[in-house]
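Okay, structure first, notes after.
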Amino acid sequence: MPAGQSIGVALIGTGFMGKCHAMAWRNVATVFGGAHPRLEILCDTPEDRAQAMAAQFGFTRASADWQVALADPAVDVVSITTPNGLHRPMAEAALRAGKHVWLEKPMALTLDDAEAMARLAAAHPGQVTMLGYNYLRSPAFQAARAMIADGAIGRPLAFRGVYDEDYSADPDLPWSWRMTHEGGGLGALGDLGCHLVSQMVALMGPVAEVTAITQIAVPTRPSPEGPRAVENEDSALALIRFASGAQGSFATSRVARGRKCRLQWEVHGSDGTLVFDQENMNELWVHRADEPGFTRHLTGPGQPDFAAFCPAPGHNFGFNEQKVVECRDLVAAIGGAPNPGPDFAAGLQIERIIHAMAVSQGRPVRVQEDIHEDA
(Lines give C-alpha, C1' and ligand atoms only; values in the text may rest on other atoms or scores of the structure.)
Protein backbone atom coordinates (compact mmCIF):
# COMPACT_ATOMS: atom_id res chain seq x y z
CA MET A 1 0.00 0.00 0.00
CA PRO A 2 1.26 3.54 -0.68
CA ALA A 3 2.38 5.37 2.45
CA GLY A 4 -0.54 6.79 4.40
CA GLN A 5 -3.18 4.85 2.45
CA SER A 6 -5.52 2.69 4.51
CA ILE A 7 -5.89 -1.01 3.85
CA GLY A 8 -9.26 -2.67 3.15
CA VAL A 9 -9.91 -5.76 5.28
CA ALA A 10 -12.21 -8.75 4.98
CA LEU A 11 -12.59 -11.24 7.83
CA ILE A 12 -13.88 -14.77 7.25
CA GLY A 13 -14.87 -16.52 10.48
CA THR A 14 -15.90 -15.10 13.85
CA GLY A 15 -14.86 -17.72 16.42
CA PHE A 16 -12.02 -17.44 18.93
CA MET A 17 -9.38 -16.47 16.40
CA GLY A 18 -11.79 -14.45 14.27
CA LYS A 19 -12.41 -12.18 17.23
CA CYS A 20 -8.66 -12.05 17.87
CA HIS A 21 -8.04 -10.92 14.28
CA ALA A 22 -10.81 -8.32 14.55
CA MET A 23 -9.27 -6.85 17.71
CA ALA A 24 -5.86 -6.76 16.02
CA TRP A 25 -7.22 -4.91 12.97
CA ARG A 26 -9.01 -2.41 15.22
CA ASN A 27 -5.95 -1.81 17.43
CA VAL A 28 -2.95 -1.95 15.11
CA ALA A 29 -2.93 1.75 14.15
CA THR A 30 -3.80 2.83 17.69
CA VAL A 31 -0.72 1.01 19.01
CA PHE A 32 1.80 1.48 16.21
CA GLY A 33 0.53 4.48 14.25
CA GLY A 34 -0.25 4.77 10.57
CA ALA A 35 -3.56 4.76 8.76
CA HIS A 36 -6.40 2.86 10.40
CA PRO A 37 -7.49 -0.18 8.36
CA ARG A 38 -10.90 -0.06 6.70
CA LEU A 39 -12.98 -2.94 8.06
CA GLU A 40 -14.93 -3.58 4.87
CA ILE A 41 -16.73 -6.92 5.11
CA LEU A 42 -17.19 -9.79 7.55
CA CYS A 43 -18.25 -13.25 6.38
CA ASP A 44 -19.79 -16.05 8.42
CA THR A 45 -22.83 -18.30 8.44
CA PRO A 46 -25.68 -18.00 8.99
CA GLU A 47 -26.40 -14.54 7.65
CA ASP A 48 -27.83 -13.25 10.93
CA ARG A 49 -24.63 -14.22 12.78
CA ALA A 50 -22.54 -12.42 10.15
CA GLN A 51 -24.68 -9.30 10.58
CA ALA A 52 -24.47 -9.40 14.38
CA MET A 53 -20.71 -9.98 14.44
CA ALA A 54 -20.08 -7.28 11.83
CA ALA A 55 -21.86 -4.80 14.08
CA GLN A 56 -19.96 -5.99 17.16
CA PHE A 57 -16.54 -6.04 15.48
CA GLY A 58 -17.06 -2.77 13.57
CA PHE A 59 -17.18 -4.03 9.97
CA THR A 60 -19.15 -2.00 7.43
CA ARG A 61 -20.88 -4.93 5.72
CA ALA A 62 -21.64 -8.60 6.28
CA SER A 63 -22.28 -11.65 4.12
CA ALA A 64 -22.83 -15.38 4.48
CA ASP A 65 -20.92 -15.91 1.20
CA TRP A 66 -17.15 -15.63 1.66
CA GLN A 67 -16.59 -15.32 -2.08
CA VAL A 68 -18.30 -11.91 -1.94
CA ALA A 69 -15.28 -10.64 -0.01
CA LEU A 70 -12.87 -11.88 -2.66
CA ALA A 71 -14.76 -10.14 -5.45
CA ASP A 72 -14.91 -6.82 -3.59
CA PRO A 73 -12.44 -4.27 -5.02
CA ALA A 74 -12.41 -2.41 -1.68
CA VAL A 75 -10.79 -5.46 -0.02
CA ASP A 76 -6.99 -5.64 -0.09
CA VAL A 77 -6.34 -8.35 2.51
CA VAL A 78 -8.37 -11.31 3.75
CA SER A 79 -8.13 -12.72 7.28
CA ILE A 80 -9.09 -16.42 7.25
CA THR A 81 -9.99 -17.90 10.63
CA THR A 82 -12.28 -20.74 9.56
CA PRO A 83 -12.10 -24.48 10.38
CA ASN A 84 -8.98 -26.19 9.01
CA GLY A 85 -10.66 -27.90 6.07
CA LEU A 86 -11.50 -24.54 4.50
CA HIS A 87 -7.99 -23.07 4.70
CA ARG A 88 -6.73 -24.24 1.31
CA PRO A 89 -9.74 -23.36 -0.87
CA MET A 90 -10.20 -19.96 0.74
CA ALA A 91 -6.52 -19.01 0.73
CA GLU A 92 -6.02 -20.11 -2.87
CA ALA A 93 -9.13 -18.27 -4.02
CA ALA A 94 -7.96 -15.12 -2.24
CA LEU A 95 -4.54 -15.28 -3.89
CA ARG A 96 -6.09 -15.78 -7.31
CA ALA A 97 -8.33 -12.78 -6.64
CA GLY A 98 -5.25 -10.64 -6.01
CA LYS A 99 -5.71 -10.35 -2.24
CA HIS A 100 -3.10 -10.55 0.49
CA VAL A 101 -3.77 -13.44 2.89
CA TRP A 102 -3.54 -13.68 6.69
CA LEU A 103 -4.32 -17.32 7.48
CA GLU A 104 -4.59 -18.97 10.85
CA LYS A 105 -2.57 -22.09 11.52
CA PRO A 106 -2.42 -24.93 10.70
CA MET A 107 -1.72 -24.05 7.10
CA ALA A 108 -3.64 -27.01 5.66
CA LEU A 109 -5.07 -30.47 6.28
CA THR A 110 -2.38 -32.39 4.43
CA LEU A 111 1.18 -31.89 3.29
CA ASP A 112 0.04 -32.09 -0.34
CA ASP A 113 -2.34 -29.21 0.36
CA ALA A 114 0.40 -27.14 2.00
CA GLU A 115 2.77 -27.77 -0.91
CA ALA A 116 0.13 -26.67 -3.41
CA MET A 117 -0.59 -23.51 -1.40
CA ALA A 118 3.10 -22.63 -1.21
CA ARG A 119 3.48 -23.12 -4.98
CA LEU A 120 0.52 -20.84 -5.66
CA ALA A 121 1.83 -18.18 -3.30
CA ALA A 122 5.22 -18.30 -5.06
CA ALA A 123 3.41 -17.76 -8.36
CA HIS A 124 1.77 -14.62 -6.89
CA PRO A 125 4.77 -12.69 -5.53
CA GLY A 126 2.74 -9.48 -5.40
CA GLN A 127 0.51 -10.93 -2.69
CA VAL A 128 1.78 -11.12 0.91
CA THR A 129 0.98 -14.27 2.86
CA MET A 130 1.27 -14.68 6.61
CA LEU A 131 0.33 -17.52 8.95
CA GLY A 132 -1.05 -16.95 12.44
CA TYR A 133 1.87 -18.02 14.63
CA ASN A 134 1.36 -15.20 17.10
CA TYR A 135 3.47 -16.74 19.89
CA LEU A 136 6.50 -15.71 17.82
CA ARG A 137 5.62 -12.08 18.58
CA SER A 138 5.82 -12.05 22.38
CA PRO A 139 8.50 -9.67 23.69
CA ALA A 140 10.08 -12.43 25.79
CA PHE A 141 10.37 -14.75 22.78
CA GLN A 142 11.77 -12.00 20.57
CA ALA A 143 14.32 -11.17 23.28
CA ALA A 144 15.33 -14.83 23.57
CA ARG A 145 15.76 -15.14 19.83
CA ALA A 146 17.94 -12.02 19.76
CA MET A 147 20.07 -13.33 22.63
CA ILE A 148 20.74 -16.58 20.78
CA ALA A 149 21.58 -14.72 17.58
CA ASP A 150 23.96 -12.47 19.50
CA GLY A 151 25.76 -15.45 21.07
CA ALA A 152 24.64 -14.65 24.63
CA ILE A 153 24.42 -18.36 25.54
CA GLY A 154 27.10 -19.56 23.15
CA ARG A 155 26.44 -22.26 20.59
CA PRO A 156 22.96 -23.81 20.87
CA LEU A 157 23.40 -27.48 21.74
CA ALA A 158 19.93 -28.75 22.61
CA PHE A 159 16.25 -27.83 22.63
CA ARG A 160 13.57 -29.25 24.91
CA GLY A 161 10.00 -28.23 24.17
CA VAL A 162 6.49 -29.08 25.36
CA TYR A 163 3.08 -27.76 24.36
CA ASP A 164 0.29 -29.27 26.47
CA GLU A 165 -3.35 -28.38 26.97
CA ASP A 166 -6.28 -30.32 28.44
CA TYR A 167 -9.21 -29.21 26.27
CA SER A 168 -9.76 -32.83 25.11
CA ALA A 169 -8.88 -34.62 28.36
CA ASP A 170 -12.51 -35.33 29.30
CA PRO A 171 -13.51 -38.63 27.62
CA ASP A 172 -17.13 -37.43 27.56
CA LEU A 173 -16.23 -34.46 25.37
CA PRO A 174 -18.41 -34.79 22.24
CA TRP A 175 -16.92 -35.86 18.93
CA SER A 176 -16.26 -33.01 16.49
CA TRP A 177 -14.69 -32.25 13.12
CA ARG A 178 -11.41 -31.50 14.90
CA MET A 179 -11.00 -35.24 15.52
CA THR A 180 -11.12 -36.25 11.85
CA HIS A 181 -8.54 -36.23 9.09
CA GLU A 182 -11.06 -34.75 6.64
CA GLY A 183 -12.10 -31.85 8.85
CA GLY A 184 -9.21 -31.30 11.24
CA GLY A 185 -6.17 -32.87 9.59
CA LEU A 186 -3.63 -33.64 12.27
CA GLY A 187 -4.70 -33.56 15.91
CA ALA A 188 -2.47 -32.25 18.69
CA LEU A 189 0.33 -31.77 16.14
CA GLY A 190 -1.77 -29.51 13.93
CA ASP A 191 -3.53 -27.68 16.72
CA LEU A 192 -0.72 -27.22 19.25
CA GLY A 193 2.52 -28.83 18.11
CA CYS A 194 2.89 -26.59 15.07
CA HIS A 195 3.18 -23.58 17.42
CA LEU A 196 6.02 -25.27 19.28
CA VAL A 197 7.69 -26.16 15.97
CA SER A 198 7.46 -22.54 14.81
CA GLN A 199 9.36 -21.42 17.92
CA MET A 200 11.79 -24.34 17.81
CA VAL A 201 12.83 -23.56 14.23
CA ALA A 202 13.10 -19.83 14.93
CA LEU A 203 15.43 -20.52 17.85
CA MET A 204 17.43 -23.50 16.56
CA GLY A 205 17.30 -23.39 12.77
CA PRO A 206 16.13 -26.06 10.31
CA VAL A 207 15.21 -29.59 11.38
CA ALA A 208 16.98 -32.41 9.56
CA GLU A 209 15.36 -35.51 11.06
CA VAL A 210 12.62 -36.56 13.48
CA THR A 211 11.81 -39.83 15.23
CA ALA A 212 8.32 -39.74 16.70
CA ILE A 213 5.43 -41.70 18.13
CA THR A 214 1.80 -40.63 18.44
CA GLN A 215 -1.13 -41.77 20.56
CA ILE A 216 -4.91 -41.63 20.43
CA ALA A 217 -5.70 -41.65 24.14
CA VAL A 218 -9.51 -41.56 23.74
CA PRO A 219 -10.36 -43.78 20.74
CA THR A 220 -14.08 -42.91 20.55
CA ARG A 221 -16.17 -39.89 21.47
CA PRO A 222 -19.92 -39.59 22.07
CA SER A 223 -22.11 -38.11 19.34
CA PRO A 224 -25.87 -37.95 18.67
CA GLU A 225 -25.42 -40.95 16.34
CA GLY A 226 -23.55 -42.94 18.98
CA PRO A 227 -19.80 -43.39 19.62
CA ARG A 228 -17.61 -42.12 16.78
CA ALA A 229 -13.94 -42.85 16.18
CA VAL A 230 -11.21 -40.30 16.84
CA GLU A 231 -8.94 -40.36 13.79
CA ASN A 232 -6.08 -38.03 14.69
CA GLU A 233 -3.55 -38.02 17.51
CA ASP A 234 -4.20 -36.80 21.05
CA SER A 235 -0.47 -36.59 21.77
CA ALA A 236 2.95 -36.92 20.15
CA LEU A 237 6.55 -37.34 21.31
CA ALA A 238 9.62 -36.80 19.12
CA LEU A 239 13.39 -36.71 19.13
CA ILE A 240 14.86 -34.03 16.89
CA ARG A 241 18.11 -33.70 14.99
CA PHE A 242 18.72 -30.17 13.72
CA ALA A 243 20.68 -29.34 10.58
CA SER A 244 23.24 -27.61 12.81
CA GLY A 245 23.98 -30.88 14.59
CA ALA A 246 22.11 -29.84 17.75
CA GLN A 247 19.57 -32.23 19.22
CA GLY A 248 16.13 -31.80 20.72
CA SER A 249 13.06 -33.31 22.27
CA PHE A 250 9.45 -32.40 21.56
CA ALA A 251 6.13 -33.29 23.18
CA THR A 252 2.57 -32.13 22.66
CA SER A 253 -0.79 -33.21 24.05
CA ARG A 254 -4.39 -32.08 24.01
CA VAL A 255 -5.28 -34.47 26.88
CA ALA A 256 -2.78 -33.31 29.55
CA ARG A 257 -4.93 -32.80 32.65
CA GLY A 258 -4.40 -29.44 34.32
CA ARG A 259 -2.38 -27.89 31.50
CA LYS A 260 -3.94 -24.82 29.88
CA CYS A 261 -1.28 -23.30 27.65
CA ARG A 262 1.98 -24.97 28.64
CA LEU A 263 4.05 -23.84 25.69
CA GLN A 264 7.36 -24.36 27.44
CA TRP A 265 10.89 -24.66 26.09
CA GLU A 266 14.56 -24.59 27.06
CA VAL A 267 17.58 -23.89 24.90
CA HIS A 268 20.84 -25.25 26.25
CA GLY A 269 23.88 -23.43 24.90
CA SER A 270 27.60 -23.89 25.37
CA ASP A 271 27.68 -20.78 27.62
CA GLY A 272 24.19 -20.64 29.12
CA THR A 273 20.53 -21.65 29.09
CA LEU A 274 17.22 -19.93 28.30
CA VAL A 275 13.88 -21.06 29.76
CA PHE A 276 10.37 -19.86 28.80
CA ASP A 277 6.79 -20.90 29.61
CA GLN A 278 3.80 -19.30 27.86
CA GLU A 279 1.69 -19.71 31.01
CA ASN A 280 4.14 -17.17 32.47
CA MET A 281 4.74 -15.36 29.22
CA ASN A 282 6.14 -12.19 30.78
CA GLU A 283 9.16 -13.99 32.23
CA LEU A 284 12.34 -15.19 30.55
CA TRP A 285 14.80 -17.12 32.71
CA VAL A 286 18.47 -16.82 31.79
CA HIS A 287 21.53 -18.67 33.08
CA ARG A 288 25.08 -17.79 32.07
CA ALA A 289 28.09 -19.99 32.65
CA ASP A 290 29.65 -17.69 35.26
CA GLU A 291 26.46 -17.41 37.35
CA PRO A 292 25.31 -19.77 40.14
CA GLY A 293 21.72 -20.06 38.90
CA PHE A 294 19.00 -18.46 36.80
CA THR A 295 17.96 -14.81 36.62
CA ARG A 296 14.32 -13.87 35.98
CA HIS A 297 13.91 -11.17 33.34
CA LEU A 298 10.49 -9.47 33.35
CA THR A 299 9.19 -8.10 30.09
CA GLY A 300 9.19 -4.34 29.74
CA PRO A 301 9.96 -1.53 27.31
CA GLY A 302 13.47 -2.89 26.87
CA GLN A 303 12.09 -5.87 24.93
CA PRO A 304 10.85 -5.62 21.34
CA ASP A 305 7.37 -4.09 20.85
CA PHE A 306 6.45 -3.90 24.56
CA ALA A 307 6.78 -0.11 24.84
CA ALA A 308 4.23 0.48 22.08
CA PHE A 309 1.60 -0.94 24.43
CA CYS A 310 2.88 0.19 27.82
CA PRO A 311 5.83 2.31 29.07
CA ALA A 312 6.21 0.49 32.39
CA PRO A 313 8.12 -2.79 32.95
CA GLY A 314 6.31 -5.68 34.61
CA HIS A 315 2.89 -4.53 33.35
CA ASN A 316 2.08 -7.75 31.60
CA PHE A 317 1.83 -8.34 27.87
CA GLY A 318 -0.99 -10.68 26.75
CA PHE A 319 -2.17 -13.18 24.14
CA ASN A 320 -4.12 -10.67 22.04
CA GLU A 321 -1.28 -8.16 22.04
CA GLN A 322 0.84 -10.76 20.21
CA LYS A 323 -1.72 -10.76 17.42
CA VAL A 324 -1.59 -6.96 17.16
CA VAL A 325 2.19 -7.18 16.63
CA GLU A 326 1.61 -9.87 13.99
CA CYS A 327 -0.92 -7.58 12.28
CA ARG A 328 1.62 -4.73 12.32
CA ASP A 329 4.16 -6.99 10.61
CA LEU A 330 1.60 -7.98 7.97
CA VAL A 331 0.63 -4.39 7.22
CA ALA A 332 4.31 -3.39 7.00
CA ALA A 333 5.01 -6.26 4.58
CA ILE A 334 2.09 -5.21 2.40
CA GLY A 335 3.65 -1.75 2.40
CA GLY A 336 6.93 -3.17 1.09
CA ALA A 337 8.88 -3.97 4.26
CA PRO A 338 10.55 -7.39 4.63
CA ASN A 339 8.04 -10.08 5.63
CA PRO A 340 9.11 -11.72 8.93
CA GLY A 341 6.53 -14.43 8.32
CA PRO A 342 5.96 -17.23 8.56
CA ASP A 343 4.71 -16.83 5.00
CA PHE A 344 3.42 -19.84 3.07
CA ALA A 345 6.96 -20.93 2.12
CA ALA A 346 8.09 -20.95 5.76
CA GLY A 347 4.77 -22.44 6.82
CA LEU A 348 5.38 -25.37 4.48
CA GLN A 349 8.57 -26.19 6.40
CA ILE A 350 6.58 -26.28 9.66
CA GLU A 351 4.05 -28.57 7.99
CA ARG A 352 6.81 -30.87 6.75
CA ILE A 353 8.07 -31.28 10.32
CA ILE A 354 4.71 -32.07 11.93
CA HIS A 355 3.71 -34.42 9.11
CA ALA A 356 7.06 -36.18 9.40
CA MET A 357 6.27 -36.72 13.08
CA ALA A 358 2.80 -38.01 12.19
CA VAL A 359 4.13 -40.72 9.86
CA SER A 360 7.32 -41.63 11.74
CA GLN A 361 5.89 -44.48 13.86
CA GLY A 362 9.18 -44.71 15.72
CA ARG A 363 11.50 -44.65 12.72
CA PRO A 364 13.76 -41.74 11.71
CA VAL A 365 12.27 -39.53 9.00
CA ARG A 366 14.31 -36.98 7.04
CA VAL A 367 12.21 -33.85 6.88
CA GLN A 368 13.40 -32.59 3.50
CA GLU A 369 12.51 -35.84 1.75
CA ASP A 370 9.01 -36.39 0.43
CA ILE A 371 6.66 -37.05 3.37
CA HIS A 372 3.16 -38.33 2.78
CA GLU A 373 0.43 -39.39 5.16
CA ASP A 374 0.44 -42.98 3.84
CA ALA A 375 4.21 -43.45 4.17
Side-chain angles (χ1 to χ4, degrees), residues 1-2 5-15 17-18 21-22 24-25 37-45 47 50 54 59-133 177 182-185 190 194 326-327 329-352 355:
M1 303 294 294
Q5 183 174 330
S6 65
I7 188 168
V9 178
L11 172 63
I12 308 177
T14 59
M17 294 313 298
H21 275 236
W25 283 118
R38 292 175 285 104
L39 306 186
E40 293 288 348
I41 185 167
L42 179 147
C43 301
D44 205 348
T45 56
E47 181 80 30
F59 281 77
T60 303
R61 290 164 286 138
S63 176
D65 181 1
W66 59 269
Q67 298 192 56
V68 169
L70 307 190
D72 193 327
V75 170
D76 302 300
V77 58
V78 182
S79 279
I80 301 172
T81 67
T82 55
N84 303 349
L86 296 172
H87 285 189
R88 179 181 176 181
M90 288 182 173
E92 290 188 339
L95 286 170
R96 292 190 175 104
K99 312 300 185 185
H100 308 289
V101 178
W102 190 10
L103 175 65
E104 271 307 306
K105 45 59 62 185
M107 185 172 171
L109 293 178
T110 70
L111 185 57
D112 285 344
D113 285 344
E115 289 171 342
M117 293 164 69
R119 285 195 299 270
L120 184 63
H124 290 76
Q127 273 67 65
V128 172
T129 60
M130 185 170 288
L131 291 160
Y133 286 102
W177 60 267
E182 183 178 4
C194 60
E326 188 174 85
C327 186
D329 290 344
L330 172 65
V331 172
I334 291 171
N339 184 358
D343 61 7
F344 281 10
L348 174 59
Q349 297 309 309
I350 296 171
E351 294 290 326
R352 292 184 69 85
H355 283 276

Side-chain heavy-atom pair His100, Met130 within 4.5 angstrom cut-off:
no
Does anything in residues 84-94 pair up under salt bridge (Lys or Arg N to Asp or Glu O under 4.0 Å), and if so which pairs, sequence neighbours excluded?
Arg88-Glu92, Arg88-Asp113, Glu92-Arg96
I need the minimum non-hydrogen distance between Ala118 and Phe344, along with the two atoms involved.
CB-O, 3.9 Å
Of the non-hydrogen atoms in Val77 and Val101, which two are nearest, and what is the gap between them?
CG2-N, 4.3 Å
Does some side-chain heavy atom of Asn339 sit less than 4.5 Å from a side-chain heavy atom of Ile334?
no
Working note: Val78 + Leu103, criterion side-chain contact (heavy atoms from CB on, under 4.5 Å); need CA distance, chi angles, decisive distance, verdict.
CA-CA 8 Å; Val78 182; Leu103 175 65; over 6 Å; no
Is there a side-chain contact (heavy atoms from CB on, under 4.5 Å) between Leu86 and Trp66? Walk through the geometry before answering.
CA-CA 11 Å; Leu86 296 172; Trp66 59 269; 5.7 Å; no
Partner residues of Thr129 under the side chain to side chain donor-acceptor pair (under 3.5 Å) criterion, sequence neighbours left out
none
Would you say the side chain of His87 lies within less than 4.5 Å of the side chain of Thr82, judging by non-hydrogen atoms?
yes
Report the residues that fulfil side chain to side chain donor-acceptor pair (under 3.5 Å) with Glu47, sequence neighbours left out, ordered by chain and then residue number.
Gln51
Is there a side-chain contact (heavy atoms from CB on, under 4.5 Å) between Ile80 and Glu104 once you walk through the steps?
CA-CA 6 Å; Ile80 301 172; Glu104 271 307 306; over 6 Å; no
Glu351 and Ala114 have their tightest heavy-atom pair at CG-CB, 3.9 Å
Got a donor-acceptor contact below 3.5 angstrom from the Glu326 side chain to the Tyr133 backbone?
yes
Just so I know, are the side chains of Lys99 and Val75 near enough to count as touching, which here means a heavy-atom distance under 4.5 Å?
yes
CE-OG distance between Met90 and Ser79, expressed to the nearest 0.5 angstrom:
12.5 Å
Applying ring pair (Phe, Tyr, Trp, His ring centres under 6.0 Å) to Trp102 and not counting sequence neighbours gives His21, Trp25
Please name all residues satisfying side chain to side chain contact (heavy atoms under 4.5 Å, CB included) with Ala74, sequence neighbours left out, ordered by chain then number.
Arg38, Glu40, Arg61, Asp72
For the residue pair Ala62 and Ala54, what are the closest heavy atoms and their distance?
CB-CB, 3.7 Å
Got a donor-acceptor contact below 3.5 angstrom from the Thr60 side chain to the Leu39 backbone?
yes
So, the side chain of Thr81 versus the backbone of Gly13: is there a donor-acceptor pair under 3.5 Å, distance only?
yes
State, yes or no, whether a side-chain contact exists between Leu109 and Glu182 at a heavy-atom distance under 4.5 Å.
no
Show the nearest heavy-atom pair for residues Ala69 and Ile41, with the distance to one decimal.
CB-CG2, 3.8 Å
Distance check, rounded to the nearest 0.5 Å: Leu120 atom CG versus Leu95 atom CG?
5.0 Å
Asp44 CG to Asp65 CG distance, which is reported to the nearest 0.5 Å
12.0 Å
Heavy-atom closest contact (Met117 atom, Ala108 atom, distance):
SD-CB, 3.7 Å
Report the residues that fulfil side chain to side chain donor-acceptor pair (under 3.5 Å) with Asp343, sequence neighbours left out, ordered by chain and then residue number.
none
